[in-house]
Protein chains: 4
Amino acid sequence: MSAILIVIMQSVEYVFEEVVRIYDTDAQGIAHYASYYRFFTNTIEKFIHEKVGIPYPIVNDELWFVMVESHATYHKPVKLGDKLTILLTPKILSSKVIKFDLKIIRKGELTTEGNLTQVAINPKIWKAVDIPNEILSKLA
Amino acid sequence: MSAILIVIMQSVEYVFEEVVRIYDTDAQGIAHYASYYRFFTNTIEKFIHEKVGIPYPIVNDELWFVMVESHATYHKPVKLGDKLTILLTPKILSSKVIKFDLKIIRKGELTTEGNLTQVAINPKIWKAVDIPNEILSKLA
Amino acid sequence: MSAILIVIMQSVEYVFEEVVRIYDTDAQGIAHYASYYRFFTNTIEKFIHEKVGIPYPIVNDELWFVMVESHATYHKPVKLGDKLTILLTPKILSSKVIKFDLKIIRKGELTTEGNLTQVAINPKIWKAVDIPNEILSKLA
Amino acid sequence: MSAILIVIMQSVEYVFEEVVRIYDTDAQGIAHYASYYRFFTNTIEKFIHEKVGIPYPIVNDELWFVMVESHATYHKPVKLGDKLTILLTPKILSSKVIKFDLKIIRKGELTTEGNLTQVAINPKIWKAVDIPNEILSKLA
């Protein structure tokens with residue numbers, strides 16, 4: 001593993017394995033750019049289930065996580081059948097907002113990086129709310 | 001236009017134009033098989049809006065149309081940028097159930113056929129209900 | 001487990017576990033009807049990888065499996081976070097065509113059934129070809 | 001129309017109309033965050049077809065446009081049936097790279113903004129190439 005990957009790995013909270021499926025690809029023979037967000041979403045959902053133990057992003061009738069920003073940079077294309085390792089680092093930006101940094105590695109090479117930012121809301125009034133402490137403490 | 005297409009056209013209620021987008025395709029260089037359901041869905045939604053003038057498939061708090069069956073047969077693949085003509089024929093199977101027959105034509109050639117069947121429900125109790133007469137009469 | 005499920009299980013070749021993701025759902029609060037084809041596709045791809053050990057559906061430059069028919073019947077809706085068990089039974093219809101019967105079970109209850117039929121082709125000439133014996137023998 | 005929208009409109013090159021479809025939504029009752037990239041993609045493809053008159057993003061065997069970056073900020077959610085106006089401003093970053101700035105307006109209100117950056121490549125060698133002058137001149 002390269003030195004740069006070792007540095008990346010040091011701050012990583014969670015590692016997820018995924019495979020590029022036929023429906024992820026497009027006629028350019030590579031994963032469609034929006035499909036990488038499927039890989040990101042799967043990683044976050046599995047992380048939250050395992051680490052925090054709550055349904056996600058619909059936690060309950062009074063707590064949802066909604067997306068406020070998405071970003072991805074595509075360094076190398078990934079292809080049908082490629083085995084991906086997705087590295088997740090959550091960052092608590094405020095009592096209401098979490099940012100997830102994500103990196104996609106294939107055979108030791110960084111192919112894609114990006115982030116997703118979500119805000120906690122009460123869906124009944126569609127307003128930002130504080131993330132409960134028992135959730136925040138497990139994310140930190 | 002071929003004789004068979006003329007016969008097909010005779011029973012058709014609605015015609016919709018669509019283009020195969022990059023996200024509809026997969027690494028086989030053709031539209032992914034599930035993408036044809038996107039073409040079908042677009043056709044039905046536009047038909048209902050124009051012909052019946054209601055939101056669809058969520059009409060209101062007490063009337064939703066939910067899918068009970070989907071079927072497609074793929075005769076010829078369609079490709080990125082292909083201009084498709086989608087022919088829709090609705091059939092009222094009962095006071096609660098509508099079946100939509102769909103055919104996809106490209107340059108006068110039948111490429112795909114299929115159908116979608118939807119039942120009217122009251123989402124509060126998730127039970128089948130009669131489709132209101134003012135909707136049924138516009139569909140017939 | 002009910003008697004009907006025991007009968008279903010007897011002919012099953014492969015069992016796959018899947019979770020309903022946020023992107024599988026739609027505004028009706030249930031999995032979108034076309035998302036079930038994602039569950040079907042995942043099951044078939046994993047089955048072929050494990051049982052036959054080949055890339056799929058693009059096996060190599062001279063052998064692809066392309067979809068010729070898809071069908072699903074939706075008995076009960078599935079929701080965000082539901083854990084699904086997908087049962088797969090492949091049927092060799094001819095030396096060129098395989099049909100995959102699929103059933104989706106949630107908590108011991110049959111929610112969805114359907115099938116996908118694929119034909120082997122040589123993509124260079126886009127004509128049906130015989131599935132090689134070493135693949136057919138592992139599927140049977 | 002508000003003052004801020006008038007300023008936004010001044011630099012806009014292309015306007016596209018779109019409707020939020022059932023398959024764009026998720027169980028939060030709003031468009032899924034990755035669906036906005038569908039709206040962005042549709043706008044760019046239609047713009048290129050109309051303004052430049054070439055297939056896109058697969059122009060020919062020696063010229064493809066591939067995605068190198070995607071970004072979206074979600075200010076207000078959009079819902080099933082919402083009529084969206086998507087405003088596109090292309091920026092030529094170099095002889096090889098185009099950035100598309102996109103804004104989604106609903107009823108005069110800015111709901112979403114983002115951008116997509118694409119690089120021209122020769123797919124046979126998967127290397128960046130200069131965008132032909134006849135294309136660049138029509139984009140400017």
Side-chain angles (χ1 to χ4, degrees), chain A residues 16-50 52-61 63-68 70 72 77-84 86 100 116 118-121 123 126, chain C residues 16-50 52-61 63-68 70 72 77-84 86 100 116 118-121 123 126:
Chain A
F16 182 67
E17 303 288 329
E18 179 66 84
V19 175
V20 180
R21 304 283 184 188
I22 184 72
Y23 52 76
D24 292 319
T25 63
D26 69 23
Q28 290 187 337
I30 59 176
H32 184 65
Y33 79 97
S35 296
Y36 296 80
Y37 290 114
R38 188 180 83 77
F39 309 144
F40 288 177
T41 299
N42 284 2
T43 305
I44 294 172
E45 288 195 20
K46 198 130 189 288
F47 165 72
I48 300 280
H49 288 154
E50 291 186 10
V52 187
I54 54 170
Y56 193 84
I58 294 179
V59 183
N60 58 49
D61 286 354
L63 182 63
W64 289 7
F65 286 87
V66 298
M67 201 64 72
V68 290
S70 65
V78 300
K79 297 195 172 182
L80 178 65
D82 279 0
K83 288 173 190 171
L84 308 179
I86 302 135
F100 299 95
L116 293 175
Q118 290 192 298
V119 61
I121 67 159
W126 210 271
Chain C
F16 181 68
E17 305 287 328
E18 179 65 85
V19 175
V20 180
R21 303 284 185 189
I22 185 72
Y23 52 76
D24 293 317
T25 64
D26 69 22
Q28 291 188 337
I30 58 176
H32 185 64
Y33 78 98
S35 296
Y36 295 80
Y37 290 114
R38 188 180 84 76
F39 308 145
F40 289 177
T41 298
N42 284 3
T43 305
I44 294 172
E45 287 195 22
K46 200 132 187 287
F47 165 73
I48 300 282
H49 288 153
E50 291 186 9
V52 188
I54 54 171
Y56 193 86
I58 294 178
V59 183
N60 57 50
D61 285 354
L63 181 63
W64 289 7
F65 287 88
V66 297
M67 202 63 72
V68 290
S70 65
V78 299
K79 297 195 171 184
L80 178 65
D82 279 0
K83 289 174 189 171
L84 308 179
I86 301 135
F100 299 95
L116 294 175
Q118 290 192 298
V119 61
I121 68 160
W126 210 270

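Naming convention: chains lettered A, B, ... in sequence-line order (proteins, then strands); numbering from 1 in each chain. Everything quoted here is computed from the prediction, not taken from an experiment.
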In this structure, are over 12 heavy atoms from other groups packed under 6.0 Å from C:Asn60 atom CG?
-> yes
Could you pull out all residues at least two apart from A:Glu45 that satisfy side-chain hydrogen bond (donor to acceptor under 3.5 Å, both in side chains)?
-> none
May I ask you to name which of C:Leu80, C:Asn42, C:Val19 has the most heavy-atom pairs under 4.5 Å with chain A?
-> C:Asn42
Which of residues 22-41 of chain A have a heavy atom under 4.5 Å from any heavy atom of chain C?
-> A:Ile22, A:Tyr23, A:Arg38, A:Thr41
In terms of heavy-atom pairs under 4.5 Å, which option from C:Pro57, C:Gly81, C:Pro55 contacts chain A the most?
-> C:Pro57
